[in-house]
> 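Before I ask anything, here is the structure I am working with.
Labels below follow one simple rule: chain letters A, B, ... track the order of the sequence lines, proteins then strands, and each chain is numbered from 1. Keep in mind that this is a model prediction, so the values were computed, not measured.
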2 protein chains.
Amino acid sequence: MAQQYDRDDMLKLGNQLCFPLYAASRLVQRMYHPLLEPHGLTYAQYIVLMVLWEDAPSAVSHIAERTILNTNTITPLLKRLEQQGHITRTRSPQDERVVMIELTDSGRDLHNELGDVPEKLYGSLGSSDEELWALKQQLHRFIEQLQVVVEDE
Amino acid sequence: MAQQYDRDDMLKLGNQLCFPLYAASRLVQRMYHPLLEPHGLTYAQYIVLMVLWEDAPSAVSHIAERTILNTNTITPLLKRLEQQGHITRTRSPQDERVVMIELTDSGRDLHNELGDVPEKLYGSLGSSDEELWALKQQLHRFIEQLQVVVEDE
DNA sequence: GCTTATTATATCGCATACGATATAATCGAG
DNA sequence: CTCGATTATATCGTATGCGATATAATAAGC
């Protein structure tokens with residue numbers, strides 16, 4: 001993308017890739033908020049719950065890896081979910097460094113209660129499924145490359 | 001995208017569009033951090049400065065509109081930039097509700113100092129310019145749709 | 001000219017998100 | 001078996017980011 005602009009244009013907001021990523025992500029989160037808030041959930045908690053609905057129990061580090069978040073972000077977030085009664089946190093007897101996260105009945109119930117959230121969200125957009133799918137696939141490829149670079153630093 | 005999955009799959013992390021957006025945005029920000037930190041800048045400050053390098057002086061609300069951030073996010077951010085000496089904040093004599101943001105010499109100098117940041121960043125990725133450009137365009141279209149929905153709430 | 005509606009920014013409170021650092025547990029090499 | 005290296009989570013401090021609310025200024029309608 002560098003070759004397409006002169007030096008001044010390189011710093012224009014409209015020519016950045018970082019900015020539409022940033023803006024789109026926050027707009028999507030704003031869309032989720034009214035659907036999650038009645039269940040007392042934040043967007044980040046919802047992301048973590050999606051990992052657990054697929055793969056519980058899980059270690060904190062596994063959740064961090066799946067969500068591409070630092071463990072020091074995950075830990076306080078999980079503590080709040082625990083306080084809300086949706087998960088439990090226990091040290092693994094096999095390796096006491098590891099904290100295992102399990103879903104409670106309440107946490108599992110949320111899976112049912114929130115099952116229609118994505119449909120409600122994407123249903124209200126003008127994009128076709130094909131367009132959204134294509135965007136998702138491109139983002140996955142992009143993330144793979146970003147992860148390579150970020151890990152090398 | 002709703003039609004392609006059954007109900008269970010709808011809540012799998014790998015099938016979400018929101019998640020790769022969220023992850024990609026944060027990974028990009030992590031890439032920027034080592035390039036901005038030596039200048040004492042955060043990523044959000046950098047985004048705001050890009051608006052100002054194009055369009056200064058500007059009102060707070062204009063910056064908020066361009067960045068798609070709330071004014072209550074922008075105001076504390078601008079105060080820190082002011083403290084660092086990169087901008088000034090003054091009430092407009094024409095309309096005392098409005099705060100005008102101007103760049104200082106120091107703020108303008110940063111434009112030169114940070115001119116090679118995007119190239120350093122994207123140069124290290126494996127993606128072609130065409131791929132990054134296509135992703136950017138798709139995100140712009142997506143944002144337009146999101147903004148329509150978010151504003152209707 | 002007055003009053004209500006609207007607009008612009010500021011403050012409050014809470015939840016991230018991450019770099020840096022600390023603590024404790026486990027692993028592996030010698 | 002011991003010790004250094006590595007790993008997992010926790011804490012600290014700072015900067016967002018946003019919903020809700022407050023304050024002040026301007027606009028619009030009568």
Side-chain angles (χ1 to χ4, degrees), chain A residues 19 22-49 58-65 67-84 89-101 150-151 153, chain B residues 22-49 58-65 67-84 89-101 150 153:
Chain A
F19 178 70
Y22 180 52
S25 182
R26 285 185 294 102
L27 285 165
V28 163
Q29 290 178 48
R30 286 189 202 174
M31 284 183 69
Y32 272 96
H33 180 262
L35 302 174
L36 297 175
E37 201 266 335
H39 302 274
L41 292 177
T42 64
Y43 178 77
Q45 288 173 329
Y46 171 70
I47 296 291
V48 166
L49 282 171
S58 284
V60 168
S61 53
H62 175 72
I63 297 171
E65 190 179 337
T67 57
I68 313 180
L69 287 162
N70 287 2
T71 56
N72 60 351
T73 296
I74 297 290
T75 294
L77 198 153
L78 289 170
K79 285 184 173 182
R80 281 186 286 274
L81 280 173
E82 183 183 38
Q83 263 191 331
Q84 290 168 279
R89 301 168 59 247
T90 48
R91 288 283 169 182
S92 168
Q94 285 81 28
D95 185 335
E96 291 180 12
R97 294 173 296 180
V98 170
V99 172
M100 294 304 292
I101 308 299
V150 167
E151 273 152 24
E153 281 165 8
Chain B
Y22 180 51
S25 182
R26 286 184 295 102
L27 285 166
V28 164
Q29 289 177 49
R30 286 188 202 175
M31 284 182 69
Y32 272 96
H33 180 262
L35 302 174
L36 297 174
E37 200 267 334
H39 302 274
L41 292 177
T42 65
Y43 178 79
Q45 288 174 329
Y46 171 71
I47 296 291
V48 166
L49 282 171
S58 282
V60 168
S61 52
H62 175 72
I63 297 170
E65 189 179 340
T67 57
I68 313 180
L69 287 162
N70 286 4
T71 55
N72 61 350
T73 296
I74 297 290
T75 292
L77 199 153
L78 290 170
K79 286 185 171 179
R80 278 185 288 274
L81 280 173
E82 183 183 38
Q83 262 192 331
Q84 289 170 279
R89 299 169 62 244
T90 46
R91 288 284 167 182
S92 168
Q94 285 82 27
D95 185 335
E96 293 179 12
R97 295 174 295 181
V98 170
V99 172
M100 294 303 293
I101 308 301
V150 166
E153 281 165 10

> For B/L77 and A/T75, find the nucleotide of DNA chain D closest to each by heavy atoms; which residue's nucleotide sits nearer the 5' end?
A/T75

> Under 4.0 Å between a side-chain N/O of A/T42 and OP1 or OP2 of C/dA15, yes or no?
no

> State whether A/T71 places a side-chain N or O below 4.0 Å from either non-bridging phosphate oxygen (OP1 or OP2) of D/dA10.
no

> Keeping the roles fixed (side chain from B/R89, backbone from B/M100), state whether a donor-acceptor pair exists under 3.5 Å.
no

> For B/E96 and C/dT7, what is the distance between atoms CD and P respectively, to the nearest whole Å?
19 Å

> Hey, is the side chain of B/Q45 poking within less than 4.0 Å of OP1 or OP2 on D/dT16, counting only N and O atoms?
yes

> Return the value, rounded to whole Å, for the distance between atom CD1 of A/I74 and atom P of C/dG19.
14 Å

> Need one value for A/E37: base, sugar-phosphate or nothing, where a base atom within 4.0 Å counts as base even if backbone is also close, heavy atoms only.
nothing

> Provide, to the nearest angstrom, the distance between the OH atom belonging to A/Y43 and the P atom belonging to C/dA15.
18 Å

> Is it the case that C/dG19 (base atoms only) and A/N72 (side chain only) share a donor and an acceptor within less than 3.5 Å, ignoring hydrogens and angles?
yes

> Side chain of B/R30 only, heavy atoms from C-beta on: which candidate in C/dG19, D/dC18, D/dT16 is closest?
C/dG19

> Applying side-chain contact (heavy atoms from CB on, under 4.5 Å) to B/L41 and B/L81, what does each step give before you reach the verdict?
CA-CA 9 Å; B/L41 292 177; B/L81 280 173; 4.0 Å; yes

> If you check every side-chain atom of B/R91, which of D/dT16, C/dT9, D/dT26 has the closest atom?
C/dT9

> Does a nitrogen or oxygen in the side chain of B/R26 sit under 4.0 Å from OP1 or OP2 of D/dG17?
no

> Go through the N and O atoms of the side chain of B/R97 and the base of C/dT9, and report whether any donor-acceptor pair is under 3.5 Å.
no

> Which comes earlier along DNA chain C counting from the 5' end, the contact point of A/I68 or that of A/P93, where each point is its nearest nucleotide?
A/I68

> Roughly how many Å is it from CD in A/Q29 to C1' in D/dG17, rounded to a whole number?
9 Å

> Ignoring hydrogens and angles, state whether a donor on the side chain of A/Q29 or A/S25 is under 3.5 Å from an acceptor on the partner side chain.
yes

> Expressed as a whole number of angstroms, how long is the span from A/K79:NZ to D/dA10:P?
6 Å

> Between atom OH in A/Y32 and atom P in D/dG19, what is the gap in whole Å?
16 Å

